[in-house]
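In what follows, every chain begins at residue 1, and chains take the letters A, B, ... in the order their sequences are listed.
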Number of protein chains: 2
Amino acid sequence: MAIQRSEIVAEALNLLDAAGIEGLTMRGLAQRLQIQAPSLYWHFPSKQALMDSMSDALMEGVAREVSPSASCDERILQVAREIRSALLSRRDGAQVFSGTFVPTENVLRVGESLICALRDGGLDPGPAHWSAFSILYYILGFVIEEQGMAALDTAAFDAKKKALQKMYQAQFPNAFAAAEAVLSSDPDIRFTFGIKHLIGGLRLDGNSQHE
Amino acid sequence: MAIQRSEIVAEALNLLDAAGIEGLTMRGLAQRLQIQAPSLYWHFPSKQALMDSMSDALMEGVAREVSPSASCDERILQVAREIRSALLSRRDGAQVFSGTFVPTENVLRVGESLICALRDGGLDPGPAHWSAFSILYYILGFVIEEQGMAALDTAAFDAKKKALQKMYQAQFPNAFAAAEAVLSSDPDIRFTFGIKHLIGGLRLDGNSQHE
DNA sequence: ACCTGAACACCGTTCAAGT
DNA sequence: ACCTGAACACCGTTCAAGT
């Protein structure tokens with residue numbers, strides 16, 4: 001019985017979880033599927049095409065039901081959190097997703113939900129569109145860094161801290177404080193704080209813009 | 001006469017320009033330097049360490065002289081443009097820079113300049129700090145995508161457009177319009193529009209917040 | 001239509017040994 | 001201190017051939 005494209009993608013995500021993006025190899029994937037590596041090239045023209053499908057699959061459950069009664073802020077916050085969760089759900093998920101723009105159904109639906117909420121918030125098409133990208137890039141950048149830090153072993157982590165200590169703290173006091181925060185504060189809290197601030201800056205109707 | 005670390009980094013950037021991130025190999029670099037690949041491991045413990053140095057070198061000329069007379073908005077805009085230029089100055093520069101946080105002098109100076117401008121704009125340390133990350137992530141995400149699109153040959157580019165056409169335009173009208181814009185509009189204009197809107201949302205003193 | 005065997009042209013990294 | 005030769009353990013991809 002022939003193997004399904006969807007099975008390959010699902011198993012590729014399992015391999016990603018188990019071995020990280022470095023360990024995501026065509027040979028390793030083939031082995032898990034009990035086929036030979038070249039067979040994969042009948043289903044996908046390249047590893048990149050497979051990773052594009054993985055990116056789409058990552059967004060499978062995101063923005064499925066966006067509560068229409070919620071405020072625009074809340075809808076954006078909800079979708080943003082769902083995107084982050086989806087990227088975090090697999091090791092190095094953000095790195096897989098990053099890179100090239102993939103105009104597939106799941107990705108477009110996520111984009112649509114963000115832009116819709118922004119438009120409902122009173123933004124014109126242009127600003128809504130740029131704002132959606134700002135939000136996506138923020139999430140992607142945040143999670144790439146988050147998963148990158150998580151991938152460091154304690155030795156590498158300490159090395160980073162050491163490198164930072166070696167800089168003159170007095171020379172770049174603000175950047176130093178920011179770097180320390182990245183290395184030590186709770187990412188959930190950082191994410192919520194940052195995304196709320198980003199949303200709060202978008203001048204949507206109905207948020208406390210003038211206070 | 002022994003080779004300098006800085007020569008290796010400089011040549012690595014040249015190789016990046018010539019061959020892209022896929023073609024950036026220790027063997028290829030060694031050849032350009034007229035040494036053998038294993039010799040590089042006396043100077044750098046790993047390829048990643050070399051790429052960290054490349055990231056730092058990319059930021060070499062950024063935020064060197066930020067005009068103190070300019071408004072906060074203008075200073076941020078200037079630094080943002082310098083960062084984008086720096087990333088664009090080498091093929092796949094944004095991808096090299098992306099990934100792990102590198103707390104080196106050039107990187108910290110760039111961060112410092114952004115946070116300083118934000119603080120001068122009246123932001124408290126926390127918001128200034130998150131806003132700086134939002135701006136950095138926006139730029140990084142933008143340029144990764146920009147360079148990713150540039151790397152597509154015309155066949156791959158057309159394939160993306162075709163994939164987009166195959167989606168029901170009516171299903172995701174806003175995302176569709178946004179995707180079309182990414183594929184066809186001038187990146188310089190898109191960048192300026194997006195970053196200005198992002199800065200404009202930060203509620204700095206002295207910009208037209210209430211209009 | 002779907003898969004394999006064998007091969008091509010590479011990788012990053014280690015390590016003993018050279019100078 | 002700095003570099004080499006040889007090797008280890010891999011890669012993505014192609015392609016003729018099998019079923």
request  = State whether a side-chain donor-acceptor pair under 3.5 Å links A/Tyr137 with B/Glu145.
outcome  = yes

request  = Starting at atom CD of A/Gln36, determine the distance to atom P of C/dC2, rounded to an integer number of angstrom.
outcome  = 18 Å

ask   = How close or far is atom C1' of C/dC2 from atom CD1 of A/Ile35, stated in whole angstroms?
value = 10 Å

ask   = Out of D/dT13, C/dG5, D/dC3, which nucleotide sits closest to the side chain of B/Ala2?
value = D/dC3

request  = Could you list the residues that satisfy side chain to side chain contact (heavy atoms under 4.5 Å, CB included) with B/Glu180, not counting sequence neighbours?
outcome  = B/Lys161, B/Leu164, B/Gln165, B/Phe176

ask   = For the pair made of CG in B/Leu40 and P in C/dC15, what is the distance, rounded to whole Å?
value = 17 Å

key: 4.5 Å side-chain heavy-atom contact, A/Pro125 and B/Asn174   = no

ask   = Between B/Phe97 and B/Val102, does a side chain to side chain contact (heavy atoms under 4.5 Å, CB included) hold up when you go through it step by step?
value = CA-CA 9 Å; B/Phe97 191 86; B/Val102 188; over 6 Å; no

inquiry  = Taking only side-chain N and O atoms of B/His43, does any of them lie within less than 4.0 angstrom of OP1 or OP2 on D/dC3?
reply    = yes

key: Worked check of side chain to side chain contact (heavy atoms under 4.5 Å, CB included) between A/Ile83 and A/Ile135   = CA-CA 10 Å; A/Ile83 297 171; A/Ile135 292 169; 5.9 Å; no

query = When the distance from CZ of B/Arg5 to P of D/dC2 is rounded to whole Å, what number comes out?
reply = 12 Å

ask   = So what does the secondary structure string of DNA chain D come out as, 5' to 3', with Watson-Crick or wobble pairs under 3.5 angstrom, [ ] for crossing and | for pairs with another strand?
value = ||.|||||...|||||.||

message = I'd like to check the side chain to side chain donor-acceptor pair (under 3.5 Å) partners of B/Asn106; sequence neighbours left out, ordered by chain and number.
response = B/Asp56, B/Arg64, B/Arg109

task = Name all residues meeting the side chain to side chain donor-acceptor pair (under 3.5 Å) criterion together with B/Ser55; count only those two or more places apart in sequence or in a different chain, and write none if there are none.
result = none

ask   = D/dA1, D/dT4, C/dC3: which one has an atom nearest the side-chain heavy atoms of B/Trp42?
value = D/dA1

Distances for protein N or O near nucleotides 17-19 of chain D N or O, under 3.5 Å:
none

Side chains of residues 4-13 of chain A: which donor-acceptor partners sit under 3.5 Å, not counting sequence neighbours?
residue	atom	partner	partner atom	Å
A/Arg5	NH1	A/His43	O	3.3
A/Arg5	NH2	A/Ser53	OG	3.2
A/Glu7	OE2	A/Gln4	N	3.2
A/Glu11	OE2	A/Arg32	NH1	2.8

message = Check for me whether the distance between the ring centres of B/Phe193 and B/His197 falls short of 6.0 Å.
response = no

inquiry  = Counting only side-chain heavy atoms from C-beta out, which of D/dC3, D/dT13, C/dC3 sits nearest to B/Ile3?
reply    = D/dC3

note = A/Asp120 meets the side chain to side chain donor-acceptor pair (under 3.5 Å) criterion, sequence neighbours left out, with A/Arg75

message = Without decimals, in angstroms, what is the distance between B/Ile8 CD1 and D/dC2 C1'?
response = 11 Å

Please table the atom pairs, donor to acceptor, closer than 3.5 Å between any side-chain atom in residues 44-52 of chain A and protein atoms at least two apart or in another chain.
residue	atom	partner	partner atom	Å
A/Ser46	OG	A/Gln48	N	3.4
A/Ser46	OG	A/Ala49	N	3.2
A/Lys47	NZ	A/Leu24	O	2.7
A/Gln48	NE2	A/Asp52	OD1	3.0

Spacing of A/Tyr41 atom OH relative to C/dC2 atom P, expressed in whole Å = 18 Å

Rounded distance in Å - CD (A/Gln4) to C1' (C/dC3) = 15 Å

Any residue meeting side chain to side chain donor-acceptor pair (under 3.5 Å) with B/Glu82, in chain and number order, not counting sequence neighbours = B/Gln78

inquiry  = Is there a side chain to side chain contact (heavy atoms under 4.5 Å, CB included) between A/Ile115 and B/Phe172? Walk through the geometry before answering.
reply    = CA-CA 10 Å; A/Ile115 302 178; B/Phe172 308 120; over 6 Å; no

ask   = Heavy atom of residues 149-160 of chain A under 4.0 Å from DNA chain C: which residues?
value = none

Would you tabulate the nitrogen or oxygen pairs shorter than 3.5 Å linking the protein to nucleotides 7-11 of chain C?
residue	atom	partner	partner atom	Å
C/dC11	OP1	B/Thr25	OG1	3.4
C/dC11	N4	B/Arg27	NH2	3.4

key: Gap in Å between the two P atoms, one belonging to C/dA9 and one to D/dC10, rounded   = 22 Å

request  = Only pairs at least two apart or in different chains count here, so list each salt bridge (Lys or Arg N to Asp or Glu O under 4.0 Å) that has a residue in residues 83-102 of chain A.
outcome  = A/Asp17-A/Arg90, A/Arg84-A/Glu146, A/Arg84-A/Asp188

